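These notes concern the structure reproduced below.
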Amino acid sequence: MQGLFFESDTGVRSAIRLFVVLIGFWTAWRAGRAAAESWSGYPLVIVYTVLLAGAMQFLHHALFDGPVLSLFYYVIDFVLLLIFSTAGYRYRRTNQMVNNYYWLYQKTSPFSWKAKH
């Protein structure tokens with residue numbers, strides 16, 4: 001795995017970096033689910049993702065000597081984390097709607113539902 005992220009990465013450092021990224025994605029998924037479980041709106045998912053992207057920027061700086069504040073990398077982190085948090089939100093909200101209102105809605109995919117006729 002040497003050179004996966006940078007030329008100077010060692011195998012252990014690459015493994016730790018991959019672990020941090022996976023933890024970030026998992027946390028984003030859980031943040032989206034948490035917003036859905038409290039029946040909050042989608043804007044709360046965006047707020048959670050903004051905060052999580054800041055935390056990921058700090059981890060990249062603290063663990064891997066990345067830039068302290070970089071708008072480019074922050075936006076990349078934010079977009080990737082927003083994909084996972086949105087997926088978690090939609091997955092949980094779909095299950096809520098079809099389970100709590102089973103007489104009104106049916107599941108069309110893991111991320112959407114439709115009205116029964």
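No hydrogens, no waters, no symmetry mates; every other heavy atom, side chains included, goes into these values. Please read these numbers as outputs of a predicted model, since none were measured by experiment.
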Would Asn95 and Lys107 count as a side-chain contact (heavy atoms from CB on, under 4.5 Å) if you check the C-alpha gap in whole Å, the side-chain angles of each, and the deciding distance to 0.1 Å? CA-CA 8 Å; Asn95 287 332; Lys107 188 183 282 193; 2.7 Å; yes
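- Using a distance-only test at 3.5 Å, with no hydrogens or angles considered, a donor-acceptor pair links the side chain of Arg90 to the main chain of Phe111.
- Here the OH-OG distance, from Tyr91 to Ser109, works out to 11.0 Å after rounding to the nearest 0.5 Å.
- Counting heavy atoms of neighbouring residues, nucleotides and ligands inside a 6.0 Å radius, atom CG of Leu22 exceeds 12 of them.
- Here the straight-line distance linking atom OG1 of Thr49 with atom CD1 of Ile83 works out to 10.5 Å at 0.5 Å rounding.
- Contact of the His60 side chain with the Tyr73 side chain is not registered, since no non-hydrogen atoms from C-beta on lie closer than 4.5 Å.
- Note that CG of Leu52 is 10.5 Å distant from CG of Leu82, once rounded to the nearest 0.5 Å.
- Under the 4.5 Å side-chain criterion, counting only non-hydrogen atoms from C-beta, Ser85 is not in contact with Tyr48.
- Clustering ILVMFWY residues whenever any of their side-chain heavy atoms sit less than 4.5 angstrom apart, transitively, puts Phe64 in the very cluster that holds Phe25.
- Heavy atoms only, all atoms of each residue included: Ala35 and Leu44 are closest at CB-CD2, 4.3 Å.
- Judged purely by distance below 3.5 Å, without hydrogens or angles, the side chains of Tyr105 and Thr94 never pair a donor atom with an acceptor atom.
- Nearest heavy atoms, Trp113 versus Thr108: N-OG1, 3.7 Å.
- At a threshold of 4.5 Å between non-hydrogen side-chain atoms, the residues Met97 and Leu104 do not count as touching.
- The shortest distance between side-chain heavy atoms of Met56 and Val20 falls below 4.5 Å.
- Exactly one residue among Asp77, Val75, Ile76 makes a side-chain contact (heavy atoms from CB on, under 4.5 Å) with Val79. That residue is Val75.
- Ring geometry for Tyr101 against Trp103 counts as perpendicular: the plane angle is over 60°, on a 0 to 90° scale with 30° as the lower cut.
- Val45 and Leu51 fall into different hydrophobic clusters, where Ile, Leu, Val, Met, Phe, Trp and Tyr side chains are chained together by heavy-atom contacts under 4.5 Å.
- Taking CG from Leu81 and CD1 from Ile46, the interatomic distance works out to 13.5 Å, rounded to the nearest 0.5 Å.
- Of all the heavy atoms in Val68 and Gln57, the pair that sits closest is O-OE1, 4.1 Å.
- Cluster membership check: Leu59 does not share its hydrophobic cluster with Ile23, using side-chain heavy-atom separations under 4.5 Å among Ile, Leu, Val, Met, Phe, Trp and Tyr.
- When all heavy atoms are compared, the tightest approach of Tyr89 to Ser40 is OH-O, 3.2 Å.
- Counting heavy atoms of neighbouring residues, nucleotides and ligands inside a 6.0 Å radius, atom OH of Tyr102 does not exceed 12 of them.
- With values rounded to the nearest 0.5 angstrom, Ser38 atom OG is found 12.5 Å from Arg33 atom CZ.
- The shortest non-hydrogen separation linking Arg93 to Trp39 is NH2-CA, 3.4 Å.
- Heavy atoms from other residues, nucleotides or ligands lying under 6.0 Å from NZ of Lys116 number more than 12.
- The backbone N or O of Val50 lies less than 3.5 Å from a partner atom in the side chain of Tyr74, making a donor-acceptor pair.
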